[in-house]
Amino acid sequence: MTRKALLLAGILPFAFCLAPAATAAQDLQDRPTEPPPPSEAPLPDDPDQIQFSADLAEYDSEGDIVTVSGDVRMFREGNRLRADKVVWNRKTGQVLATGNIAMTNPEGDTAYGDRVELTDSLRDGAIENMLVVLEQGGRLAAERGTRDAGGVISVERAAYTPCAVVDSNNCPKEPSWKITAVRVIYDPAKQRIRYKGARVSLFGFATLPLPVFSHSVGAGNASGLLAPEIRYDAVNGFEVGLPYYFSLGPDRDFTITPRVFTGALPMLQAEYRQLTSNGAFRVTGYGTYSRRSDDFVSPTPDVSSENAFRGYLDASGRFQLDPYWSVSGSMRIASDRTFLRRYDISSDDRLRNNVRIERIDRDSMLSINGWAVQTLRPTESQGLQPIALPEIDYRLRFGQSLIEGGRFELQVNSLAIGRASGQDTQRAFASLRYDLRKLTAWGQEITLTAYGRGDLYNTTDTAATSQISYRGLEGFRGRAIGALAIDMKWPLIGEAFGGVQRITPRFQIVAAPRLENFDVPNEDARSVDLEDSNLFALNRFPGYDRFEDSTRFTFGLDYALYLPGLSVEANIGQSYRLDSRATILPDGTGLTDRLSDIVGRTVVRYHDFLSFTHRYRLDKDNFAIRRNEIDATVGSRDTFATIGYLRLNRDIGFALEDLQDREEARVGARVKVARFWSVFGSAVIDLTDREEDPTSLSDGFEPVRHRLGFEYEDDCLRLGLTWKRDYQTTGDARRGSSYLLTLALKNLGR
């Protein structure tokens, strides 16, 4: 029976060679035949032997024919076969299985057919009315399939789909998409399927013809064309991008995308990605020729309008050299200020470049950074943009064992900032901080803090900085900083309203001697604003160049209520400064007078349905709202709405950057209108008027941009249309509408 076993076992590998090439031909639905379960008895140790069972076994000695019939089941090396009848003609070498055939391979793929025929060479043959259901979900079916002596499989009138063929009620349905073809060829050596006379059908309707089309069926990626990108906008006209993917290995790839426009010259996009033994990196580039004179907001007669190269480079990477050391970096460079917006690549108005070396362990951190910024704002000078090289920061925690609850933190920092046509600054400091945290017998949490720091600055070209309070004095300057603080919290916890309630009064005293802050430049502490997040900070300036001196009391209250499915968290607080001298903090920040403004935050969450956050600052004199910020999301994962609102009414002088009054609303929503269909939209509206900001061009209700669209998405198809409109014009990045068509066939190749 050994040779017979070999011949019969050949049916199984032949059927599964066909499986990647033909799964959803004319009938993609499940067949009534159940695949055989695994054998209950142990399989033979000899791989040339086959275990089988049948109702009847016959041998025709005259014709030299072996026949087994009646619920035939065969098992060999994890392959399983079920058929009504199997016949082996030893004279002709023909092996034939018929009737309700179902075969399963070790990977879990199942093949169905009405008739499987092989020659005794086991290298060629045919299968009829075939359906293969792959373990990963794909289906391939064909009227007939053949395999030649070289192992190449060809199937006729075939179709392929990875989509579900039944609905939620388990009733048959047309798959979301499938590929039908006159002929499908599978080369197992190349692990690739090629289609001839193919079309992609969506929801049963023939759509895109595919004269030449192929995809991989192996475990790895394969080179080939990706789904096209189709877009229309008022500046560039119709855009078609056709990506081609190159698989350079299991750890690297390259994608090149030619983009053709009806209203502009073509553009080329390329992306390279690679994984290494200790990290990963990617590089993306864009390049085209177009008019650069349009970059200017106002006409400039002296500027040429000839085509010139325009492009953008975006690269990033990170490498973990060992458990402690890592290197990372990012680079973003544009040829001009409007390229990214013109081609709808990004709406960023500044591009940051960074290189970082870090060493981090349990108690210490070393960071060496380099920063460079490219401005894309038409009103800013590139020569005034800072280049920070290097920024070195080292921190060490120690002394935890000296006193229980205590800890020292040493910090050493240096920074060099240069500008092509602006002020240059070098800074170095060393600081030591000690925190001691204790719990009293009454449950109060008390933290004592002692802080000391010594600074050294060197500044040149200070006259290039227009804001006098940011300049500092020319040359070398030293500064000593010291502060003592005590912070007390008293959490009061108990049951309330069917849940748990926590009320925490908080009081802080900070004492620091007077400093001549204006003697040194201000590079990193300019955008100061009193918020709930920095109310109890030792220094309420965001950086190191300014330190809040004098003695102050800060008091507040934290509240939390936790109910089943519902939580409410809130805080509110204020501070009082003992010194009567003028503060270095500018008007409008909430910290100008001895008594500060009132700040707070409220956060409400209800299951996964509602998230509401409100931040505010109230004027201490008349309770006018100086900061009003709301972020809310309501709904489920499929249907939700999000609202954002920000109003800054600070009355700060125009000379101070990033501190002007603002009012803005952001809205967005997605509504599921059917099981797989949804509509979505979002908008950003500038509500600032001339009274709030004299430099604002808004009339109090000026849309910035909006987006509106619909989308269909199921387990294997995403189809959508998006309309986006930009209401701002900057050079050749003109206001107008754009339309994006999305068509993604998921799981292609499964």
Side-chain angles (χ1 to χ4, degrees), residues 227-243 257-269 284-300 303-312 314 334-351 375-379 664-669 679-688 696-711 718-744:
E229 302 173 21
I230 302 174
R231 182 193 304 266
Y232 172 82
D233 65 55
V235 179
N236 301 315
F238 278 101
E239 172 190 349
V240 177
L242 193 60
T257 307
R259 298 184 180 274
V260 181
F261 310 90
T262 59
L265 291 176
M267 180 171 65
L268 191 65
Q269 175 188 351
T284 303
Y286 298 79
T288 187
Y289 279 83
S290 64
R291 293 177 55 188
R292 296 184 62 174
S293 62
D294 293 337
D295 296 346
F296 294 85
V297 178
S298 59
T300 306
V303 177
S304 171
S305 62
E306 295 180 357
N307 289 333
F309 174 80
R310 305 179 70 182
Y312 170 60
D314 183 358
S335 60
D336 53 80
R337 304 195 180 199
T338 61
F339 176 80
L340 295 182
R341 283 193 55 202
R342 160 74 185 268
Y343 292 97
D344 201 18
I345 299 171
S346 171
S347 59
D348 292 342
D349 57 4
R350 286 177 178 172
L351 303 180
T375 181
L376 303 182
R377 299 178 180 180
T379 58
E664 180 181 275
R666 306 176 307 279
V667 295
V679 295
F680 58 87
S682 63
V684 178
I685 303 171
D686 185 0
L687 302 176
T688 311
S696 175
L697 301 178
S698 174
D699 60 0
F701 189 90
E702 182 71 26
V704 178
R705 58 185 174 272
H706 78 245
R707 185 178 62 143
L708 184 65
F710 70 87
E711 186 177 68
R718 185 170 72 250
L719 173 67
L721 179 64
T722 302
W723 167 40
K724 186 171 69 172
R725 181 172 179 83
D726 197 323
Y727 292 85
Q728 297 179 338
T729 295
T730 305
D732 64 342
R734 298 189 294 271
R735 59 186 296 170
S737 297
S738 63
Y739 303 88
L740 175 63
L741 175 64
T742 301
L743 174 60

Report yes or no: is the cationic atom of Arg337 (NZ for Lys, CZ for Arg) under 6.0 Å from the centre of the six-membered ring of Phe339, at an angle within 45° of the ring normal?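 Output no; distance or angle outside limits.
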What distance separates [X] [atom1] from [Y] [atom2], expressed to the nearest 0.5 Å?
{"X": "Ser347", "Y": "Arg705", "atom1": "OG", "atom2": "CZ", "answer": "5.0 Å"}
{"X": "Ser682", "Y": "Leu708", "atom1": "OG", "atom2": "CG", "answer": "9.0 Å"}
{"X": "Leu687", "Y": "Ile685", "atom1": "CG", "atom2": "CD1", "answer": "6.5 Å"}
{"X": "Leu719", "Y": "Phe710", "atom1": "CG", "atom2": "CZ", "answer": "6.0 Å"}
{"X": "Tyr286", "Y": "Arg259", "atom1": "OH", "atom2": "CZ", "answer": "6.0 Å"}
{"X": "Leu721", "Y": "Leu740", "atom1": "CG", "atom2": "CG", "answer": "8.0 Å"}

Can you name the nearest heavy-atom pair linking [X] to [Y], along with the distance?
{"X": "Thr262", "Y": "Gly237", "value": "OG1-CA, 3.4 Å"}
{"X": "Pro228", "Y": "Pro243", "value": "CA-CD, 4.2 Å"}
{"X": "Asp348", "Y": "Leu351", "value": "CB-CD2, 4.4 Å"}
{"X": "Gly736", "Y": "Ala234", "value": "CA-CB, 4.3 Å"}
{"X": "Ala334", "Y": "Leu376", "value": "CB-CD2, 4.4 Å"}

[Y] side chain reached by [X] side chain, heavy atoms, under 4.5 Å:
{"X": "Arg707", "Y": "Thr722", "value": "yes"}
{"X": "Leu743", "Y": "Ile230", "value": "no"}
{"X": "Leu265", "Y": "Ser290", "value": "no"}

Output, in order, the C-alpha distance, side-chain angles, deciding distance and verdict of side chain to side chain contact (heavy atoms under 4.5 Å, CB included) for Arg342 and Arg310. CA-CA 11 Å; Arg342 160 74 185 268; Arg310 305 179 70 182; 3.8 Å; yes
Short side-chain to backbone donor-acceptor contact, Asp233 and Asn236, under 3.5 Å: yes
Is the backbone of Leu242 close enough, under 3.5 Å, to the side chain of Thr257 for a donor and an acceptor to pair up by distance? no
Looking at Phe238, I want to see if its CZ is surrounded by more than 12 non-hydrogen atoms of other residues, nucleotides or ligands under 6.0 Å. no
Do other residues, nucleotides or ligands put more than 12 heavy atoms under 6.0 Å from the CZ atom of Phe680? yes
Residues two or more places apart in sequence or in another chain: which of them pass side-chain contact (heavy atoms from CB on, under 4.5 Å) with Gln728? Arg341, Val704, Asp726
Aromatic contact between Tyr312 and Tyr343, with the criterion being ring centroids under 6.0 Å apart: yes or no? no
Please state whether the rings of Trp723 and Tyr739 are parallel, tilted or perpendicular, taking 30° and 60° as the class boundaries. parallel
Is it true that Arg666 and Glu664 have a side-chain N and a carboxylate O under 4.0 angstrom from each other?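 A salt bridge links Arg666 with Glu664.
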Any salt bridge linking Asp344 with Lys724? Criterion: basic side-chain nitrogen under 4.0 Å from a carboxylate oxygen. yes
List the steps, then state whether side chain to side chain contact (heavy atoms under 4.5 Å, CB included) holds for Met267 with Tyr289. CA-CA 8 Å; Met267 180 171 65; Tyr289 279 83; over 6 Å; no
